[in-house]
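Written below as structure tokens is the structure these notes are about.
Worth saying up front: this structure is predicted, and the values here are computed from it rather than measured.
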Amino acid sequence: MTRPVLRVAVRRFDQFETALRKQFADFRAATGEDALIEPVQMDIEDLSDAMFVRGGLKNGEIDIGYVVTDWLPMAVGDGHLADLTELGRSAPAEGAPDCWPACLQTQQQVDGHWYGLPFHDGPQCLIYRTDLFGDAAARFADRRGRALTIPETWDEFVEVARFFTDPEAGRWGTIVASYPDAHNTVYDFCAQIWSRGGALTDAAGKPDLTSAEALAGLDFYRWLVRESGVVHPAALRTDSVGSGALFSNGEAAMMTNWFGFAANAAGAADSPVRGKVDVAPMPHAPGEASAAVLVYWVLAIGSGSRHKDLAWRFIRHATNAPMDKLLTLEGGIGCRSATWADPDVARMIPFAGQMDRLHGLARLMPADRRLPEVAAIIDNAVAESLAGDEATAEILERAQNKVEQLWRGA
């Protein structure tokens, strides 16, 4: 008899595939299941295209999808994902749902139905080199006339980044993931708005891209990347994974990025900054509070999968406590609160205990099926701001017009 094969579409990141293979081996050992797994790594655009545009989750080509929360309203509304509610009732995931923080339970639930289990987490945060901050304290005080502290405002962030920028040494103050993949540029834009006290959407839930906070935020972002002189020169061709790799390689003193990249840099055996990394809340405008974007990835089952029962049994195993810890030790970030407090995790990631604090400052993206289209509009606006000299206000006004057309066509 032919053994069933679970085909899994995964965001490109070697640690994700490594963890999935180990989790599946553990699943087979625990259950005696005679089955195979086939993870397929893809970049974000290819992943979205394979699962939704080409219909891989609907037509059975993909059994399990690695789905970011931004995509969930559309994926559920268009019938790409299997409803897991009944499977969860008959064979619930270990400790569900209280094992996960409340903020990691919301986006995959639609009208009381579950469409995925939290798999990979990690809010945005400020990530910095502790060795640099320790070694340069006296020199910074001499030059700047104040103590070297972890930046709390965007102005302080730029000041410290400029101090640490040393192109001859191959080190920059920061690295920004500015590659236009409707991912990090969008989240950074939202973080700029929220950290300035603004809102991405109006009272009716429609995006407002022309607010004063949006204008100030994009003005700052384009200046930072293009003119500040503190950003790694690879920024425009670097996505979030690439920026994490540059930081892990010691090429930046700080970055605002996902918690997982801090964990990977701190614990990777081949990282020159291993053991020299810490995290803090995201910078903010003066007088405002820190605000970070929180998106997370779920394991979801395709509506067209011919192996739904097997797929459910595997994803509930892959998200149990030991496997959540395994993912974290492999370089991903587990979603269970207990994982962040685990002694083995704490030895590898000394700042794991800050996850509760960071989640308390994090903001979720709006749950709207049009969010991927809105993200594409924002991504294009940011790309235009980085590529040319058109006024920021004009770029955002054109983007807002596209949002208005989208809403009228809904």
Side-chain angles (χ1 to χ4, degrees), residues 1-44 46-68 71-72 75-76 78-97 99 108 110 113-120 296-327 330-332 334-336:
M1 180 181 294
T2 303
R3 290 187 289 178
V5 179
L6 289 180
R7 195 163 188 264
V8 186
V10 185
R11 165 80 193 276
R12 187 177 302 283
F13 188 51
D14 289 342
Q15 289 88 334
F16 292 150
E17 178 173 345
T18 301
L20 278 171
R21 290 191 181 279
K22 290 183 177 182
Q23 289 166 336
F24 194 76
D26 192 84
F27 169 68
R28 289 188 59 184
T31 64
E33 188 70 51
D34 188 20
L36 299 173
I37 192 171
E38 183 184 343
V40 180
Q41 290 195 51
M42 305 180 200
D43 293 324
I44 284 183
D46 295 333
L47 182 64
S48 176
D49 184 71
M51 293 193 298
F52 307 125
V53 179
R54 300 205 306 270
L57 290 166
K58 281 185 179 180
N59 64 27
E61 291 182 6
I62 299 171
D63 295 292
I64 299 171
Y66 197 68
V67 181
V68 72
W71 298 339
L72 282 168
V76 172
D78 290 349
H80 293 281
L81 305 183
D83 186 340
L84 306 180
T85 310
E86 291 304 318
L87 288 168
R89 286 173 181 160
S90 60
E94 179 188 272
C99 59
Q108 68 273 37
V110 179
H113 292 251
W114 282 70
Y115 291 89
L117 297 181
F119 184 68
H120 172 67
Y296 55 98
W297 295 80
V298 304
L299 293 181
I301 298 174
S303 58
S305 172
R306 293 178 290 276
H307 309 295
K308 288 187 180 68
D309 183 67
L310 173 62
W312 169 252
R313 286 185 283 117
F314 170 60
I315 70 170
R316 66 187 290 270
H317 183 88
T319 56
N320 69 19
M323 296 299 99
D324 197 66
K325 175 180 174 179
L326 183 151
L327 170 68
E330 285 295 317
C335 295
R336 291 172 175 260

Minimal non-hydrogen separation, Asn59 against Gly56, with atom names
OD1-O, 3.2 Å

For a quick test of reading the model, state the closest non-hydrogen atom pair linking Val68 to Trp297 and the distance between them.
N-CE3, 3.3 Å

Hey, what do you get for CH2 (Trp114) to CG (Asp83), rounding to the nearest 0.5 Å?
12.0 Å

Smallest separation among heavy atoms of Arg21 and Pro39, with atom names:
NH2-CD, 3.4 Å

Is it the case that the side chain of Glu94 and the backbone of Ala321 share a donor-acceptor pair, with hydrogens and angles ignored and the cut-off at 3.5 Å?
yes

Should His307 and Asp63 be marked as a side chain to side chain donor-acceptor pair (under 3.5 Å) after you check the CA-CA gap, both sets of side-chain angles, and the distance that decides it?
CA-CA 7 Å; His307 309 295; Asp63 295 292; 4.7 Å; no

Dump the intermediate steps for side chain to side chain contact (heavy atoms under 4.5 Å, CB included) on Leu6 and Phe24, then the final yes or no.
CA-CA 10 Å; Leu6 289 180; Phe24 194 76; 4.0 Å; yes

List the atom of Tyr66, the atom of Leu47, and the distance in Å for their closest heavy-atom pair.
O-CD2, 3.5 Å

Donor-acceptor pair, distance only, cut-off 3.5 Å: does the side chain of Glu330 make one with the backbone of Phe16?
no

Is the number of heavy atoms from other residues, nucleotides or ligands under 6.0 Å of Lys308 NZ greater than 12?
yes

Minimum heavy-atom separation for Gly331 to Phe13, with atom names?
O-CE2, 3.7 Å

At their closest point, which heavy atom of Trp312 faces which heavy atom of Ala93, and how far apart are they?
CZ2-N, 4.2 Å

